[in-house]
Amino acid sequence: MSENTPATTHLITGAGSGIGEALARRLAARGSAGLWFLVRSEARAAELAERFPGAHSVVADLGAPGGLADALAGQELPAELDSLVHVAGVVELGPVAETTPKVWDETLAVNLTGPAELTRLLLPRLRAARGHVVFVNSGAGLSAGPGWGAYGASKHGLKALADALRAEEAGSGVRVTTVYPGRTATPMQAKVHQQEGREYEPGRWIDPESVATTLLTALDLPRDAQLTDVSVRPGP
């Protein structure tokens, strides 16, 4: 999938800002035949419709995975989907001793159970296209420090989901990639700094465009290979 290859179909979560928005812009510039977004509200859907003419939005809440099937059922999704890119996520820092069941439930639903259910529902379309599932994970998905228990657990689980899916779908031709960005200059990172009580300096961290380039590298790789796990860290 280079700049001159035929148009393709993609569904992205978290396209409203940060890494997801950067990826959506790049795919839109390629003239993708179908660009779909999973968004949480009608207001976000309207906003993205203005920014990405011709794109489509499905309004659904990853935090309520049980409702995803009904949300997708009312859509005229393409029969073949070239990629499903999971970018959306939530973070709430705090020590395990102070993390409530509500925080655990919301974090695991949005960051793990929701992506698992969305992937399950879209697998027939991905299989038809011999498509690609990309999970934007986190450095916390490899090693979680103090205060990162709930978020890290959800991201460790996301790695396990990707690993299992890759093995299960190899025979159908579906590729699976996990990307582990370090701190990236996104609205989520601004929130993290606020929770940490630190001043946020975006220039110190990875530009979302650089992560989007990594995602496109994985998607563009010829069919004879796949990137399975890619870590991206701030430059020196």
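The first residue of the sequence shown is numbered 1, and numbering continues consecutively from there.
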Exercise for the section: Verify side-chain contact (heavy atoms from CB on, under 4.5 Å) between Thr213 and Arg26, making sure each step is shown before the conclusion. Expected result: CA-CA 9 Å; Thr213 296; Arg26 301 276 285 276; 3.1 Å; yes
Problem - Worked verdict on Arg130 versus Glu169 for salt bridge (Lys or Arg N to Asp or Glu O under 4.0 Å) - result: CA-CA 10 Å; Arg130 301 184 77 228; Glu169 295 300 321; over 6 Å; no
Handout entry: Test log, rule side-chain contact (heavy atoms from CB on, under 4.5 Å), inputs Thr186 and Trp205
Key = CA-CA 9 Å; Thr186 65; Trp205 310 122; over 6 Å; no
Exercise for the section: Using the side-chain contact (heavy atoms from CB on, under 4.5 Å) rule, take Leu72 and Leu118 through it: C-alpha gap first, then chi angles, then the decisive distance, then the call. Expected result: CA-CA 9 Å; Leu72 293 178; Leu118 185 60; 3.9 Å; yes
Exercise for the section: Verify side-chain contact (heavy atoms from CB on, under 4.5 Å) between Arg204 and Gln189, making sure each step is shown before the conclusion. Expected result: CA-CA 11 Å; Arg204 293 185 57 193; Gln189 190 58 229; over 6 Å; no
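Put simply, Val174 and Leu161 are part of the same group of oily side chains (I, L, V, M, F, W, Y) that touch within less than 4.5 Å, one to the next. One hydrophobic cluster holds both Val59 and Ile12 under the rule that ILVMFWY side chains link at heavy-atom gaps under 4.5 Å. Both Phe37 and Val211 are assigned to one and the same hydrophobic cluster, defined by single-linkage of ILVMFWY side chains at heavy-atom distances under 4.5 Å. At a threshold of 4.5 Å between side-chain heavy atoms, the hydrophobic network of Ile, Leu, Val, Met, Phe, Trp and Tyr places Leu219 and Val133 in two separate groups.
Just one residue in the list Ile206, Thr184, Asp207 forms a side chain to side chain contact (heavy atoms under 4.5 Å, CB included) with Ile19, and that residue is Thr184.
Val179 places none of its side-chain heavy atoms less than 4.5 Å from the side chain of Phe135. Counting heavy atoms from C-beta outward, Arg51 and Glu21 have side chains that approach closer than 4.5 Å. Contact check for Leu123 versus Glu168: no side-chain heavy atoms found under the 4.5 Å cut-off. Counting only heavy atoms from C-beta outward, the side chains of Val39 and Glu47 never approach each other to under 4.5 Å. Residues Leu227 and Thr214 form no side-chain contact, since every pair of their non-hydrogen atoms from C-beta on lies 4.5 Å or further apart. Side-chain contact between Arg166 and Asp163: present, with at least one pair of heavy atoms (C-beta onward) separated by less than 4.5 Å. Side-chain atoms of His86 and Thr119, non-hydrogen and from C-beta on, do get closer than 4.5 Å to each other. Side-chain contact between Trp148 and Val192 is present, with heavy atoms from C-beta onward closer than 4.5 Å.
A donor and an acceptor atom, one from each side chain of Ser154 and Asn111, are located under 3.5 Å apart. At a cut-off of 3.5 Å, with distance as the only test, a side-chain donor of His10 or Ser83 sits close to an acceptor on the other residue.
When every heavy atom of Glu199 is checked against every heavy atom of His193, the shortest pair comes out as O-CD2, 3.2 Å. Considering all non-hydrogen atoms of both residues, Lys159 and Gly141 come closest at CD-O, 4.4 Å. The two atoms that bring Ala15 and Ala24 nearest to each other are CB-CB, 4.3 Å, heavy atoms only. When all heavy atoms of Leu68 and Gly114 are compared, the closest pair comes out as CD1-O, 3.6 Å. Taking both residues in full, the closest heavy atoms of Val58 and Gln75 are given as CG2-CG, 3.6 Å, listed atom of the first, atom of the second, then distance. Closest non-hydrogen pair, Ser231 versus Leu142, comes out as OG-CD1, 3.8 Å.
Looking only at distances, no side-chain donor or acceptor of Asp229 sits under 3.5 Å from a matching main-chain atom of Thr178. Under a 3.5 Å cut-off, the side chain of Glu106 and the backbone N or O of Gly63 do not form any donor-acceptor pair. Between the side chain of Arg175 and the backbone N or O of Leu221, at least one donor-acceptor pair lies under 3.5 Å. Side-chain N or O atoms of Asn137 include one that pairs as donor or acceptor with a backbone N or O of Lys155 at under 3.5 Å. Arg44 places no side-chain N or O within donor-acceptor distance of the main-chain N or O of Leu38, the cut-off being under 3.5 Å. Side-chain atoms of Arg25 never come within 3.5 Å of backbone atoms of Glu209 as a donor-acceptor pair (strictly under, hydrogens ignored). Between the side chain of Ser138 and the backbone N or O of Gly152 there is no donor-acceptor pair closer than 3.5 Å. A distance-only check finds no donor-acceptor pair linking the side chain of Thr177 to the backbone of Thr228 [under 3.5 Å].
Arg40 CZ: 12 or fewer foreign heavy atoms inside a 6.0 Å radius. Other residues, nucleotides and ligands place no more than 12 heavy atoms under 6.0 Å from the CD atom of Glu42. A 6.0 Å sphere centred on CD of Gln195 holds more than 12 heavy atoms belonging to other residues, nucleotides or ligands.
Contact check on Asp105 versus Lys102 returns no salt bridge, with no Lys/Arg side-chain nitrogen under 4.0 Å from an Asp/Glu carboxylate oxygen.
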